[in-house]
Structure formats: C-alpha cells, structure tokens
Chemist: 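First, the structure itself, so that you have it in front of you.
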Amino acid sequence: MAPSLFTLSSPSSTFPSSSTTLKPFSSFSTKPTLSIHFVKRPISVSATADPPPQLQTFWQWLQDQGVVSAKSPVRPGMVPEGLGLIAKKNISRNEVVLEIPNRFWINQEAVAASEIGTVCSGLKPWVSVALFLIRERFRQDSQWRVYLDILPELTDSTVFWSEEELAEVQGTQLLSTTLGVKEYVQNEFLKVEEEIILPNKQLFPAPITSDDFFWAFGILRSRAFSRLRGQNLVLIPLADLINHSPNITTEDYAWEIKGAGLFSRDLLFSLRSPVSVKAGEQVLIQYDLDKSNAELALDYGFIESKSERNAYTLTLEISESDPFFGDKLDIAETNGLGETAYFDIVLGRPLPPALIPYLRLVALGGTDAFLLESIFRNTIWGHLDLPVSRANEELICRVICDACKSALSGYHTAIEEDEKLMEDENLDSRLKISVGIRAGEKKVLQQIDEIFKGRESELDELEYYQERRLKDLGLVGEQGEIIFWETN
C-alpha cells in the first residue's frame, strides 16, 4: 500500500513531509477472486441450482479432456460470490478435491509454445501471460475458449472503480496505492504496445486496448495462487474458482504442486479442502492471512470485518539532507533496514519491534550525535532499543502525533459517520469496502497517536542513555542520586 512518508532529519525537524510513495509492484501475491462479502453470507447453495450454459460447457470440456471424472468430489456451480466449487459428497479435512495437470495451466510455458512466444520472450512474466490471455480471448477457435468464457469481465478490485467510487476512499492509503497501480499498468501497456503489439499486428486477431490489458491484469492479480508468482506465474483453470472464507484460519496444506507419477515429468496442481465440508456446500480456502483489508480490496475486491485486517503503513526515511545521512544509512543497513523503511501497523497489535529504534536513529542529532561515531558502530542498535535522550524521544513522539493528526484530517468523513454507515445492510458493496477501509485506517491512526501520546506523557519517568551510562560506571545510586567519591 502507498503510505504517507515521514521524514525526520534532525532534532530541528518539526513535521514530516506530506509526500507519498508506492511499494514496488513487480511480483504477484494473489489467489482466486471472489465478490464482496463484507457482511457474512451463507455459503451453502442448492444442489438443484442449474449452472449457466458456459459453466456446463466448461465442466463437460474438462471431463472430455480427462482433467476430471464423474467421480470428482467437487463441481463448479453458482454461489453467492458468483462461481465456486461445490462439494458433491461429504469431504473430509485435507482431502484432495482437484488435481489439474500442467498441460492445462496457463503460464510462461504456454506462452512460449504459442505463436507469440518468440516476441514475448523478453517480457515480464505477467505481461507475457496477459498478452496471451487477451489474444486467446479474441480467437474464437482458441483451445481455451470455454475457460475464457467463464471469466468475469472485471472484478471488484479498486483498479476498476469509477472516479466517483474512488472518491469514497479519499485520504486513504488504498486510494494512493490504487492510483499508483493504475499508472503502473498503463505505463506497462504503453511500453508493450510500442515494442510488441504494434510491430507485430499480424499476430493479434484484433487491436488490443488499454481496457483489454487492464482486464488481463485484473484476472492475473485475482486468480493466480500465492507463491505462483514471478517466474512461476500461472493460472489453474477450475482450481481458480475456489473462494475465500474468513473463518478458515490456516493456509497450510490447501494446495501443492507435485509430480504426476514416478516415471512422469508432468506436474499436478493438487487442491485440498482445509476443513470438512458437507455435500452441497462450498469448498473454501484461506487466501492470505497476512493481507490487510486494503490489499484484499486491491487484489480481490472484498474486505473482512476482522480487526486484524485493518492496517496502516508508516514509511520512515533518512533524509539525504541530514548531515549524518551516511552514518545513519550505514547503521540502518547493518541492521537490515535502509534509507527508507516500511512499518505495517496492525490494529490491536504491538508496534513492529524495529520501528522505535529506527525512529530514534532517524531523529538522532545535536548532543546525541556522538552515538554515531565509529566507536559505537557495533553497539548503537542496542542503545537505540532504549530511550537515548529526552529531546530525541520527545521529537519522535511529537512528529508521529503530528503526522497522525495530518493523516486523519485527509479523510472526508469522521469515524463515527463510517461506523453508522456500516450498520446499513443495504449499502452498495463497493461503498461498504470504502467505509470499511477508511474506518479501519482511522482506528489504526488513532491507535498510533494514543501510543505516542502515552509515551510523551511518560518522558519524565524514562531512563535515558546518560543515566544508564552513569549507572554502569557506578556513579548513580539506586534512587538516582549522583555518587561523589571523597578522597583523604
């Protein structure tokens, strides 16, 4: 997500900058899509519900190709989220429900074997697969026709929201991230249009537009399974119909890639049910326990009501104008951080352990700058785990509280208004996402503000570096008094 950028350069700093940054967006960390379910809905469906013709054709095609059999424990069907996998019989926990061979995967290998394989060889994996999807979608005789016909025209991802809908997430990190992602995808399209599409018009059945490219991006972003990213980006037809359940609290053993047999080089995508399922109910998995509601909204177009899904990312930066920039950067890098550091603050959870030390480092200056000398280089991070000085501690508290106040002023509604809106069960699904996101971010910002205001109120009670040092030298008594040694 794109966070507000807090820059501390020295004790003279009084306020963070208001610029924003976007985390690198080069890898995919996604799973199958499903529609909004901010309010819990029943997951059982009628076994008598007739699937649409396209879905019946797709299911028959899979059987004809030997991918599934009549004995398959699941079948595709209509569910409250749209399409899903329905149990045809009682399924036990960790039971295999699908195994899809790699000849039915859509990935870089499929692209390489196609007519556009040569021209796509140097592209990012997701871009090459996106072009492949678009091209196959245009081809009426495509071998993937029946699969492409069941894919949605778009998802509820914020990437596809209108300007009016995005206005409802004004002030949120989700908005800045969404706009950044849209710009990124548009730039990738313009680049691939110039380098691949236009010079090779004969390879594509129809002109490819920006909308086509965004559609393919949305499909990949929402339907590729976690860990199947980067060079391993792949779509698994049928398996990608699996929907998400917030009630499943484990990602373990839901799926794996394994060999097809002892003497076979083929691979299988094996999908398991993480919980027991009764016949006629949906088979569900957990998409990702670590994603925030903003990430869920961006990837899949839904959010959860669980408090731990609400997060806010603080981005701290060592300013290049800081007179101690080089020393601070060296210390940060030695301890696994850098010039810029991201800290995800989750509602109801403690601050990340490295946040306070990094803050103290960035704010270090004045009479405290002696800690940056080389003699302290191997021990300074230990010193930063504890308060350095009152001035340093007061600065980080004041700057963070001011930053929270500034961020909270950027929303166009109060948290009380959001909570009242969330009580409306008839609220539009995308508006539910907006209200939930902005209310969640505000709660996290309030939590951060309260933590640092609490720290500020305790400044007189803290023990700082100089006092600790005097104690180590035996020059301070148990009551804090300075010990004077008399000589005869």
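The first residue in the sequence is number 1, and the count goes up from there. The shown structure was predicted, so the numbers you read here are calculated from the model rather than taken from an experiment.
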Chemist: With rounding to the nearest 0.5 Å, note down the distance linking CD in Glu441 to OG1 in Thr313.
Modeler: 8.5 Å
Chemist: Considering only heavy atoms from C-beta outward, does the side chain of Cys404 approach that of Tyr312 to under 4.5 Å?
Modeler: no
Chemist: Can a donor-acceptor pair be found, under 3.5 Å and without considering hydrogens, that links the side chain of Gln286 to the backbone of Ile248?
Modeler: yes
Chemist: Is Lys306 atom NZ crowded by more than 12 heavy atoms from other residues, nucleotides or ligands, each under 6.0 Å away?
Modeler: yes
Chemist: Does a donor on one side chain and an acceptor on the other come within less than 3.5 Å for Ser210 and Gln186?
Modeler: yes
Chemist: Atom CG of Leu83 and atom CD1 of Ile242: how far apart are they, to the nearest 0.5 Å?
Modeler: 12.5 Å
Chemist: Looking at every non-hydrogen atom in both residues, tell me the closest pair between Phe104 and Gln65 and how far apart they are.
Modeler: CZ-CB, 3.3 Å
Chemist: Determine which pairs satisfy salt bridge (charged side-chain N to carboxylate O under 4.0 Å, His left out) with at least one residue from residues 94-103, sequence neighbours left out, and list them in order.
Modeler: Lys89-Glu95, Glu99-Lys258
Chemist: Do you know which two heavy atoms are closest between Ile285 and Pro274, and how far apart they sit?
Modeler: CG2-CD, 3.9 Å
Chemist: Side-chain contact test, heavy atoms from C-beta onward, threshold under 4.5 Å: evaluate it for Trp105 versus Ile257 and give yes or no.
Modeler: yes
Chemist: Just wondering, do Lys278 and Asn90 contact through their side chains at under 4.5 Å, heavy atoms?
Modeler: yes
Chemist: Main chain of Leu431, side chain of Asp428: is a donor-acceptor contact present, judged purely on distance under 3.5 Å?
Modeler: yes
Chemist: Test side-chain contact (heavy atoms from CB on, under 4.5 Å) on Val169 and Thr158; report intermediate values, then the result.
Modeler: CA-CA 10 Å; Val169 288; Thr158 51; 5.9 Å; no
Chemist: Please collect all salt bridge (charged side-chain N to carboxylate O under 4.0 Å, His left out) contacts where either partner lies in residues 191-218, sequence neighbours excluded, each pair once.
Modeler: none
Chemist: From Tyr358 OH over to Ile318 CD1, what is the distance, rounded to the nearest 0.5 angstrom?
Modeler: 4.0 Å
Chemist: Measure the CZ-CZ distance between Phe204 and Arg135 for me, rounded to the nearest 0.5 Å.
Modeler: 7.0 Å
Chemist: Given 3.5 Å as the limit, does a donor-acceptor pair link the side chain of Asn335 with the main chain of Ile331, or not?
Modeler: yes
Chemist: Is there a side-chain contact between Phe343 and Leu351 in this structure, where contact means two heavy atoms from C-beta onward sitting under 4.5 Å apart?
Modeler: no
Chemist: With sequence neighbours excluded, tell me which residues meet side-chain contact (heavy atoms from CB on, under 4.5 Å) with Ser69.
Modeler: Lys71
Chemist: Show your reasoning for whether salt bridge (Lys or Arg N to Asp or Glu O under 4.0 Å) applies to Glu295 and Arg309.
Modeler: CA-CA 9 Å; Glu295 292 169 314; Arg309 290 290 192 181; over 6 Å; no
Chemist: Would you mind reporting whether Phe302 and Asp156 have side-chain heavy atoms less than 4.5 Å apart?
Modeler: no
Chemist: Does Cys120 reach the side chain of Phe132, with side-chain heavy atoms less than 4.5 Å apart?
Modeler: no
Chemist: Taking the side chain from Asn187 and the backbone from Glu183, do they hold a donor-acceptor pair closer than 3.5 Å?
Modeler: yes
Chemist: Just so I know, are the side chains of Trp144 and Arg139 near enough to count as touching, which here means a heavy-atom distance under 4.5 Å?
Modeler: no
Chemist: What are the two closest non-hydrogen atoms of Ile345 and Pro352, and how far apart are they?
Modeler: CD1-CD, 3.5 Å
Chemist: Kindly indicate, with the supporting measurements, whether the criterion salt bridge (Lys or Arg N to Asp or Glu O under 4.0 Å) is fulfilled by Lys442 and Glu419.
Modeler: CA-CA 11 Å; Lys442 291 171 198 171; Glu419 290 177 335; over 6 Å; no
Chemist: Tell me the closest heavy-atom pair linking Asp322 and Lys328, and the distance in Å.
Modeler: OD2-NZ, 2.7 Å
Chemist: Where the side chain of Asp418 meets the backbone of Gly436, is there a donor-acceptor pair that is under 3.5 Å apart?
Modeler: no
Chemist: How would you list, by chain and number, every residue that makes a side-chain contact (heavy atoms from CB on, under 4.5 Å) with Leu179, sequence neighbours excluded?
Modeler: Leu166, Leu175
Chemist: Taking the ring centre of each residue, are Phe225 and Phe269 less than 6.0 Å apart?
Modeler: yes
Chemist: What's the separation between atom CD1 in Ile196 and atom CD1 in Ile116, rounded to the nearest 0.5 Å?
Modeler: 9.5 Å
Chemist: Could you give all pairs that pass the salt bridge (charged side-chain N to carboxylate O under 4.0 Å, His left out) test and reach residues 159-178, with sequence neighbours left out?
Modeler: Glu165-Arg430, Glu168-Arg438
Chemist: Write down the atom of Val79, the atom of Gly84, and the distance for their closest heavy-atom approach.
Modeler: CG2-N, 3.7 Å
Chemist: Hey, mind stepping through Leu85 and Leu238 against side-chain contact (heavy atoms from CB on, under 4.5 Å) and telling me if it holds?
Modeler: CA-CA 8 Å; Leu85 295 179; Leu238 183 61; 3.8 Å; yes
Chemist: Contact between Leu298 and Val159 at the side-chain level, heavy atoms closer than 4.5 Å - yes or no?
Modeler: yes
Chemist: Keeping Lys88 on the side-chain end and Ser72 on the backbone end, is there a donor-acceptor pair under 3.5 Å?
Modeler: yes
Chemist: Centre-to-centre under 6.0 Å for Trp126 and Phe217, is that the case here?
Modeler: yes
Chemist: What residues, two or more places apart in sequence or in another chain, satisfy side-chain contact (heavy atoms from CB on, under 4.5 Å) together with Gln56?
Modeler: Pro51
Chemist: To the nearest 0.5 Å, what is the distance between CG on Leu123 and CD on Gln108?
Modeler: 9.0 Å
Chemist: Evaluate salt bridge (Lys or Arg N to Asp or Glu O under 4.0 Å) for Asp141 paired with Arg145, printing each intermediate quantity in order.
Modeler: CA-CA 7 Å; Asp141 61 345; Arg145 177 82 272 142; over 6 Å; no
Chemist: For the pair Ile415 and Gln446, evaluate side-chain contact (heavy atoms from CB on, under 4.5 Å) and give the outcome as yes or no after the intermediate values.
Modeler: CA-CA 10 Å; Ile415 194 168; Gln446 289 179 345; 4.0 Å; yes
Chemist: Could you walk me through whether Leu131 and Ile197 satisfy the side-chain contact (heavy atoms from CB on, under 4.5 Å) test, starting with their C-alpha distance in whole Å, then the side-chain angles of each, then the deciding distance to 0.1 Å, before giving a yes or no?
Modeler: CA-CA 9 Å; Leu131 284 181; Ile197 299 172; 3.9 Å; yes
Chemist: If you look at every heavy atom in Val346 and Gln447, which pair is closest and at what distance?
Modeler: O-NE2, 3.3 Å
